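Residue indices begin at 1 and follow the sequence shown. Note that the structure is a prediction, hence the values are computed from the model and not measured. Counting starts at 1 for both ligands and their atoms, in listed order.
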Amino acid sequence: MRIVLFAALATLFIGFVPVDVKAAGGEVKLDHQEWSFDGVFGRFDRQQLQRGFQVYREVCASCHSLDYIAFRNLEAIGYSEDQTKVLASEYTIEECCDDQGDIFDRPAIPADYIPNPYPNEQFARASNNGALPPDLSLMSKARHGGPDYVYSLINGYPDPDKSTPEMEAELMDGMYYNAVFEGNQIAMAQQLFDDLLEYSDGTDPTAKQMAKDVAAFLHWAAEPKLEMRKQTGVRVLLFTFVFTILAYFLKRRIWADVES
Ligand code: HEC
């Protein structure tokens with residue numbers, strides 16, 4: 001019996017131990033944060049996601065698209081149907097074409113995807129010194145460290161007072177030093193500064209707070225089904241636990257007469 005209990009507990013334990021994917025690679029030291037969605041019981045903090053969406057909308061959206069998110073998807077982060085209608089209506093969609101064959105503009109509706117800031121890649125590159133601001137929908141899943149990477153990247157610019165002459169000397173034209181980006185030179189300038197915007201829930205908008213909120217929001221964008229996945233995982237583990245014990249008693253019963 002002891003062995004069975006041990007096996008069952010071991011199953012549970014292995015399932016519950018957080019796997020540290022951040023350790024892999026290990027070249028750059030990321031600024032690891034506590035996330036509400038960490039661990040097996042992790043859940044998104046809806047208020048934080050809404051703040052993150054605000055940062056995306058007011059800062060990042062002028063350069064970065066978010067192709068896989070439609071306005072109606074924002075209901076999952078706590079906006080009501082009416083609120084998503086209002087949010088959508090602030091955007092304009094270019095539609096082709098009216099009866100005369102002309103392109104026309106219309107306000108977005110909840111079923112529309114968040115519009116791309118640039119009409120095409122050439123335009124995007126021309127506006128960014130040749131670099132392409134990537135789509136951010138899956139960014140948090142595409143880089144080692146996920147939200148810690150995004151957080152560290154947007155916070156990875158040197159303090160202007162502390163930046164050393166070597167950092168500046170090595171930079172190519174139109175590039176900025178970044179402690180986390182590969183090669184330490186990035187075509188994106190520092191974006192977040194304290195008090196850049198005002199949060200409607202009264203949270204203090206420090207650069208770090210905004211970075212954390214937008215990183216959490218981008219993690220939701222990349223993995224909107226995270227909560228359901230974790231809940232299913234917990235149920236599967238509990239089921240395995242109970243099943244192991246049942247299997248043990250069943251085995252004892254079947255073999256009861258054959259005991260030597
Ligand atoms: C003025 C335009 C501009 C704004 C605004 C902007 N970015 Fe960027 N971003 C870029 C460009 C250009 C690149 C590509 C950099 C490169 O390849 O060197 C980039 C790259 C990135 C990357 C990818 C880094 C990688 O590992 O490939 C992330 C993540 C990112 N930006 C996040 C953000 C977030 C979050 C915001 C809002 C807080 C933001 N950006 C605002 C222009 C911008």
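For Phe71 and Tyr113, the gap between ring centers reaches or exceeds 6.0 Å.
Using cut-offs of 30° and 60° for the angle between ring planes, the Phe53 and Tyr79 rings count as perpendicular. Under the 30°/60° scheme for interplanar angles, the aromatic rings of Tyr151 and Trp35 are found to stand perpendicular.
Lys230 places a side-chain N or O within 3.5 Å of a backbone atom of Gly39 that can act as its donor or acceptor partner. Within the 3.5 Å criterion, the main-chain N or O of Pro147 finds no donor-acceptor partner in the side chain of Lys212. At least one donor-acceptor pair under 3.5 Å links the side chain of Asn128 to the backbone N or O of Ala124.
Neither the backbone nor the side chain of Tyr56 comes within 4.0 Å of ligand 1, counting heavy atoms alone. Residue Ile186 touches ligand 1 through backbone and side chain together, judged by heavy-atom distances below 4.0 Å.
Using a 4.0 angstrom heavy-atom cutoff, Asn129 does not count as in contact with ligand 1.
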For a quick test of your reading: what N or O donor-acceptor pairs under 3.5 Å do the side chains of residues 188-195 make, sequence neighbours left out?
{"residue": "Gln190", "atom": "NE2", "partner": "Leu192", "partner atom": "O", "Å": "3.4"}
{"residue": "Gln191", "atom": "NE2", "partner": "Ala189", "partner atom": "O", "Å": "3.0"}
{"residue": "Asp194", "atom": "OD1", "partner": "Ala207", "partner atom": "N", "Å": "2.7"}

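Residue contact check: Ser62 has heavy atoms under 4.0 Å from atoms 5 (C) of ligand 1. Of all the atoms in ligand 1, the ones that sit under 4.0 Å from a non-hydrogen atom of Leu132 are 14 (C). Each of the atoms 23 (C), 29 (C) of ligand 1 lies under 4.0 Å from some heavy atom of Met139.
If you check the side chains of Asp213 and Tyr56, you find no donor sitting under 3.5 Å from an acceptor. Side-chain contact of Asp135 with Ser137: a donor-acceptor pair under 3.5 Å is present, judged by distance alone. Residues Asp204 and Thr206 have side chains that never bring a donor and an acceptor to within less than 3.5 angstrom of each other.
With respect to atom 18 (O) of ligand 1, the closest heavy atom belonging to the protein is Ala187 N, 2.9 Å.
Below the 2.8 Å limit, atom 8 (Fe) of ligand 1 has as protein N, O or S neighbours His64 NE2, Met188 SD.
For atom 27 (O) of ligand 1, the nearest non-hydrogen atom from the set Arg143, Gln190, Gln185 belongs to Arg143.
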